[in-house]
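What follows is a single structure, written as structure tokens, with notes after it.
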Amino acid sequence: MRTCNYLPLGRMARAVRGAWRMLLAAGGTRECPACGRRIRRFQPFPKEAADLLARHRFRLPWKSSAWETFNREEYACPFCDATDRERLYALYLRERLAPGLGDGLRLLDIGPSRPMTRFVRRRLRAAYRSADLCNPEADDRVDLEDMRIYRDGEFDVLLCSHVLEHVPDDRRAMTELFRVLRPGSWGIVMTPIPLGVEKTDEDPGVTDVAERLRRFGQEDHIRIYAGADFTERLQKVGFRVTKLGRGHFGPEAFERCGLTPQSALYVVDKPMGAGA
Ligand SMILES: [Zn+2]
């Protein structure tokens with residue numbers, strides 16, 4: 001069972017941040033695929049969060065070039081808050097669920113964020129449902145290791161972003177993701193992936209916050225996957241895994257959306273005829 005860390009932002013703080021965003025966002029060549037706004041530049045990763053990692057001596061370099069999908073310099077959209085990874089999801093979902101293609105499909109968003117919830121509800125025609133163990137804004141309260149409230153094959157599209165690195169038994173969670181997806185359908189499953197790391201580092205037994213920050217980079221993370229191992233674990237539960245990067249979307253789209261060249265999207269497919 002993972003811990004809950006959900007801190008709602010105060011109304012005043014939101015108003016101040018909103019005014020600041022408007023100043024930062026005047027004109028520009030960037031475009032956020034989540035909210036559709038043109039802007040000058042995305043906002044950098046929050047300094048306070050970076051300082052926290054530095055204070056706890058996080059063992060991996062906290063810079064864009066050390067991770068697959070992480071743009072420290074252009075992290076968040078000043079209008080809708082979509083991070084670079086969420087802009088990558090929006091780019092793909094716009095392509096795959098274009099009008100006429102996504103109508104009525106049932107999309108399950110696990111570990112929802114406000115930018116993605118708004119994006120799917122406003123810009124896609126899929127039927128949206130969100131699930132989370134802690135977030136009170138989610139439609140369903142669900143433990144990823146046991147999603148029995150959903151039937152086998154209940155969903156047509158799955159979005160599971162930056163959740164599996166929190167879950168003690170991630171193989172069981174992946175099995176559940178596979179089960180609730182309809183055969184012949186697909187999803188996006190993402191987690192932080194450092195470049196050049198060959199072995200997954202994990203230990204659900206580490207509960208000390210300082211040690212989690214040092215070893216896993218966040219107070220409620222219990223692992224950091226190696227990319228090949230992450231793919232292999234997904235394949236072992238039955239998924240076909242396709243990594244899509246700049247070659248698929250094009251360098252111009254990556255530049256426009258503020259994505260680093262090494263950013264990569266993990267798309268999983270549940271083969272036709274696959275059981276739960
Ligand atoms: Zn945006």
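Read the numbers this way: they start at 1 and go in the same order the structure lists the ligands and their atoms.
Annotation: cation-pi geometry satisfied between Lys270 and Phe178 (NZ/CZ under 6.0 angstrom from ring centroid, within 45° of ring axis). Figure legend: Arg87 and Phe42 shown as a cation-pi pair, the cationic atom lying under 6.0 angstrom from the six-membered ring centre and within 45 degrees of its axis. The cationic group of Arg121 does not satisfy the cation-pi geometry with Tyr128, failing either the under 6.0 Å distance to the six-membered ring centre or the 45° limit from the ring axis.
Protein N/O/S atoms found under 2.8 Å from the Zn ion (ligand 1), listed by chain and residue number: Cys32 SG, Cys35 SG, Cys77 SG, Cys80 SG.
Salt bridge status for Asp140 with Arg129: present, with a side-chain N to carboxylate O gap under 4.0 Å.
Looking at Ser161 and Tyr89, their side chains do bring a donor and an acceptor atom within 3.5 Å of each other.
Residues Ile193 and Phe58 are members of separate hydrophobic clusters, defined by side-chain heavy-atom contacts under 4.5 angstrom among Ile, Leu, Val, Met, Phe, Trp and Tyr.
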